[in-house]
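First up is the structure itself, then whatever we jot down about it.
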Amino acid sequence: MDSTLPIVEIRAIGEHAGRRVRLRGWLYNLRESGKLLFPILRDGTGWIQGVAFKKNLAPEAFEALRGLGQESSLEVEGEVRADARAPGGFELDIQGLHVLQAVTPERPYPITPKEHGIEFLLEHRHLWLRSQRQVAILKVRHGIIQAIRDFFDQDGFVLGDAPILTPASCEGTSNLFEVDYFDEKAYLTQSGQLYAEAVAMAVGKTYTFGPTFRAEKSKTRRHLTEFWMVEPEVAFATLDDVMSLAERLVAFVVARVLERRRPELALLERDVSKLEAIQLPFPRVSYDEAVTRVNQAGGAMEYGTDLGGGDETLLSQQFDRPVLVHRYPTAVKAFYMQPDPENPNLALCVDMLAPEGYGEIIGGSQRIHDLELLQRRIAEHQLPTEPIEWYLDLRRFGTVPHGGFGMGVERVVSWICGLEHVREAIPFPRTIYRIQP
RNA sequence: UCCUCAGUAGCUCAAUGGCAGAGCAUCCGGCUGUUAACCGGAGGGUUGUAGGUUCGAGUCCUACCUGAGGAGCCA
């Protein structure tokens, strides 16, 4: 090995065509053809096929390479060549090898290039992440999160993260994870909203971004027990402002992914024409209209109930972009939602349903800003006031109309990537019957 | 919590109640352009666990364990 040669990343390999370089990474696959080896190397930034001719390598180096198991770590040196026969257009003519760790036949890498069942893959999630598909998803997820933060930053929002350990819930404790907090009980947060409301009264526009937890015994392709949520909260915002903010955020995120993550979407075989259709404005339908539309489409929705998964699909199929469903009956919604002045039985709330059957990605509302009304609602929901006295203070000291929403990051990743299940949208998914690895 | 399904080699799956098999992976051999390479050979099994029915159980019955798909609820 020539230690004076530059170490390069595979993503920029084309810039080094015709030159000798060093490359370090892992062995993704190894094909053999007589005195010729075709190792595929990956380094996290990409994949490249190497070609090792027996005559170009020291005999012991050739034999060492030949015997390496999948996912062995190594450093190679060689000449970068453009070659139409190589996947990716470039290949590395290997002339030197340094093995960092050889994976041996006694314990071969468990995930082979062939197909595997989901149970096996989930048990090996820590290794499954190395596959091309999972790397692509991680990079889209990263792009989405970066876009979310850029969007709020450009719009003058101030990050105001909420605590993860909380004294009580805003919607009952039945679906909360309980933890010992010294001599008291505490709960893992299911939403940062109440805290975001406090911060909004300090800085005007804020958002929280972090993990949230639901101990719901939900077992579907849309549920995790631990998921990341972004929750903007805006002082003086009305429901219309909330809806406008939500659609601008989603349109921005989709546009950004289309701009910067095309190769990953292609690897995931995502139909990008479906994403290119995500243009402002998004359709808005009232809950009343939604019920009519669902039932005309063959559903059997009863007025006054929430939309089920099938109902959501029946409705979202009618549009080529996310649809905003607003003004649900107060009875099926949370205590803090402002009633519609034109019909107090309806709440000034909104859900955004993603297209293609991906369901709800956003839920938000205008909040009750009147102290007496809020107290009445808390009593109606039979919630204890003592743990949220501080929250009532927000209505005692300069209360103003305000609102916001929560967006589930994994559901957005799942939709944009076109995944079958949200568990692929986060590196280490937590689901009801799995906490390993 | 409820409904449905599955568990056989490291992996993906076969096997009418009658000798437990294939492909991939691994090992050995062949091949100087392979594309989830290919060709030839070898090793590899307490059929999830515990009972039961039967001359005989991977297969039928019961319970349990583990997991998956879905419902309700939610982002």
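Lettering of chains follows the sequences in order, A, B, ..., and the numbering in each one begins at 1.
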Distance, rounded to the nearest Å, where [X] contributes [atom1] and [N] contributes [atom2]:
X: A/Glu91; N: B/rG33; atom1: CD; atom2: P; result: 13 Å
X: A/Arg66; N: B/rU32; atom1: CZ; atom2: C1'; result: 14 Å
X: A/Arg31; N: B/rA25; atom1: CZ; atom2: P; result: 12 Å
X: A/Gln190; N: B/rC74; atom1: CD; atom2: C1'; result: 10 Å
X: A/Ile361; N: B/rC74; atom1: CD1; atom2: C1'; result: 14 Å
X: A/Ile94; N: B/rU34; atom1: CD1; atom2: P; result: 17 Å
X: A/Glu71; N: B/rA36; atom1: CD; atom2: P; result: 17 Å
X: A/Asn29; N: B/rC38; atom1: CG; atom2: C1'; result: 14 Å

Take atom [atom1] in [N] and the same atom in [M], then report the distance between them in whole Å.
N: B/rC65; M: B/rG10; atom1: C1'; value: 22 Å
N: B/rU62; M: B/rC38; atom1: P; value: 44 Å
N: B/rG52; M: B/rC74; atom1: P; value: 48 Å
N: B/rA14; M: B/rA22; atom1: C1'; value: 7 Å
N: B/rA9; M: B/rU46; atom1: P; value: 9 Å
N: B/rU47; M: B/rC13; atom1: C1'; value: 13 Å
N: B/rC73; M: B/rG58; atom1: C1'; value: 40 Å
N: B/rU66; M: B/rG72; atom1: C1'; value: 24 Å

Of the candidate nucleotides [options], which contains the atom at the shortest distance from the side chain of [X]?
X: A/Phe53; options: B/rA75, B/rA36, B/rG33; answer: B/rG33
X: A/Thr220; options: B/rA71, B/rU32, B/rA75; answer: B/rA71
X: A/Arg222; options: B/rU32, B/rC73, B/rA75; answer: B/rC73
X: A/Leu122; options: B/rA68, B/rC73, B/rU26; answer: B/rA68

Note to self: Using side-chain heavy atoms (C-beta onward) and a distance below 4.5 Å, is A/Ile388 in contact with A/Ile378?
What the structure shows: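 Result yes, sub-4.5 Å side-chain heavy-atom pair found.
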
Next item on the list: State, with a plain yes or no, whether a side-chain heavy atom of A/Trp415 is found less than 4.5 Å away from one of A/Ile278.
Entry: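 Touching, per the 4.5 Å side-chain cut-off.
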
For residues 86-103 of chain A, dump all side-chain donor-acceptor pairs below 3.5 Å to protein atoms at least two apart in sequence or in another chain.
{"from": "A/Glu91", "atom 1": "OE2", "to": "A/Arg81", "atom 2": "NH2", "distance (Å)": "2.9"}
{"from": "A/Asp93", "atom 1": "OD2", "to": "A/Arg81", "atom 2": "NH1", "distance (Å)": "3.0"}
{"from": "A/Gln95", "atom 1": "OE1", "to": "A/Arg20", "atom 2": "NH1", "distance (Å)": "2.3"}

Note to self: By the salt bridge (charged side-chain N to carboxylate O under 4.0 Å, His left out) test, which pairs, at least two apart or in different chains, include something from residues 427-437 of chain A?
What the structure shows: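 The answer is none; no pair qualifies.
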
Check: Do any pairs count as a salt bridge (charged side-chain N to carboxylate O under 4.0 Å, His left out) and have a residue in residues 133-152 of chain A, sequence neighbours left out, and if so which ones?
Finding: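 Those involving residues 133-152 of chain A are A/Arg133-A/Glu424, A/Arg141-A/Glu410, A/Asp150-A/Arg256.
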
Answer yes if the side chains of [X] and [Y] hold a donor-acceptor pair under 3.5 Å, and no otherwise.
X: A/Tyr28; Y: A/Gln70; answer: no
X: A/Thr238; Y: A/Asp241; answer: yes
X: A/His402; Y: A/Gln366; answer: no

Notebook entry, point to check: Is a donor on one side and an acceptor on the other found under 3.5 Å between the side chain of A/Tyr328 and the backbone of A/Ser286?
Noted result: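 Absent.
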
Notebook entry, point to check: If you look only at pairs with a residue in residues 112-135 of chain A, which of them pass as a ring-ring contact (aromatic ring centres under 6.0 Å, His included), with sequence neighbours excluded?
Noted result: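 As it turns out, the ring-ring contact (aromatic ring centres under 6.0 Å, His included) pairs with a partner in residues 112-135 of chain A, which skip direct neighbours, are A/His116-A/Phe120, A/Phe120-A/His124.
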
Side-chain donor/acceptor pairs under 3.5 Å, residues 248-255 of chain A, sequence neighbours excluded:
{"from": "A/Arg248", "atom 1": "NH2", "to": "A/Asp155", "atom 2": "OD2", "distance (Å)": "3.3"}

Note to self: Using heavy-atom distances to pick each residue's nearest nucleotide on RNA chain B, tell me which of A/Asp351 and A/Arg81 is more 5'.
What the structure shows: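 Between the two, 5'-proximity favours A/Arg81.
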
Margin query: Heavy-atom nearest nucleotide on RNA chain B for A/Ile362 versus A/Thr431: which residue maps closer to 5'?
Written below: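 First, find each residue's nearest nucleotide; the 5'-ward one identifies A/Thr431.
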
Check: Is there a residue in residues 127-134 of chain A whose heavy atoms reach under 4.0 Å of RNA chain B, and which residues are they?
Finding: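 Heavy-atom cutoff 4.0 Å gives no residues at all.
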
Check: Near RNA chain B, which residues from residues 410-429 of chain A have a heavy atom under 4.0 Å away?
Finding: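 Residues of residues 410-429 of chain A under 4.0 Å from RNA chain B: A/Arg411, A/His421, A/Arg423.
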
Check: Looking at A/Tyr303 versus A/Tyr287, is the centre-to-centre ring distance below 6.0 Å?
Finding: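 Judged by ring-centre distance (under 6.0 Å), A/Tyr303 and A/Tyr287 do meet the cut-off.
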
Note to self: Applying salt bridge (Lys or Arg N to Asp or Glu O under 4.0 Å), can you list everything that pairs with A/Glu32, at least two apart in sequence or on another chain?
What the structure shows: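 With sequence neighbours excluded, A/Glu32 shows a salt bridge (Lys or Arg N to Asp or Glu O under 4.0 Å) to A/Arg66, given in chain and number order.
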
Notebook entry, point to check: Where each pair must be Watson-Crick or G-U wobble with both distances under 3.5 Å, what dot-bracket representation of RNA chain B is obtained, with crossing pairs in [ ] and other-strand partners as |?
Noted result: (((((((..((((....[..)))).(((((.......))))).....(((((..]....))))))))))))....

Margin query: Ring-plane angle category for A/Phe209 and A/Trp228, please: parallel below 30°, perpendicular beyond 60°, tilted otherwise.
Written below: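 Rings of A/Phe209 and A/Trp228: tilted, 30 to 60°.
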
Side-chain donor-acceptor contacts of residues 47-58 of chain A below 3.5 Å, not counting sequence neighbours, with atom names and distances?
{"from": "A/Gln49", "atom 1": "OE1", "to": "A/Arg31", "atom 2": "NH2", "distance (Å)": "3.1"}

Check: In B/S/- notation, 5' to 3', how is nucleotides 1-12 of chain B contacted by protein heavy atoms closer than 4.0 Å?
Finding: B---------SS

Next item on the list: Check whether any side-chain N or O of A/Arg434 sits under 4.0 Å from OP1 or OP2 of B/rA68, and answer yes or no.
Entry: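 Checking B/rA68 against A/Arg434, a side-chain N or O does come within under 4.0 Å of OP1 or OP2.
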
Notebook entry, point to check: Between the base of B/rU34 and the side chain of A/Glu32, is there a donor-acceptor distance below 3.5 Å?
Noted result: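 Answer no: no donor N or O sits under 3.5 Å from an acceptor.
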
Note to self: Going by centres under 5.5 angstrom and planes under 30 degrees, do the aromatic ring of A/Phe227 and the base ring of B/rA75 stack?
What the structure shows: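 A stacking contact exists, since A/Phe227 sits close and nearly parallel to the base ring of B/rA75.
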
Check: Taking only residues two or more places apart in sequence or in another chain, which ones pass side-chain contact (heavy atoms from CB on, under 4.5 Å) with A/Pro283?
Finding: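 For A/Pro283, the residues satisfying side-chain contact (heavy atoms from CB on, under 4.5 Å) (neighbours in sequence not counted) are A/Phe319, A/Arg321, A/Val323.
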
Next item on the list: Just call it for A/Met407: base, sugar-phosphate, or nothing, with non-hydrogen atoms closer than 4.0 Å on any strand.
Entry: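 Contact class for A/Met407: none.
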
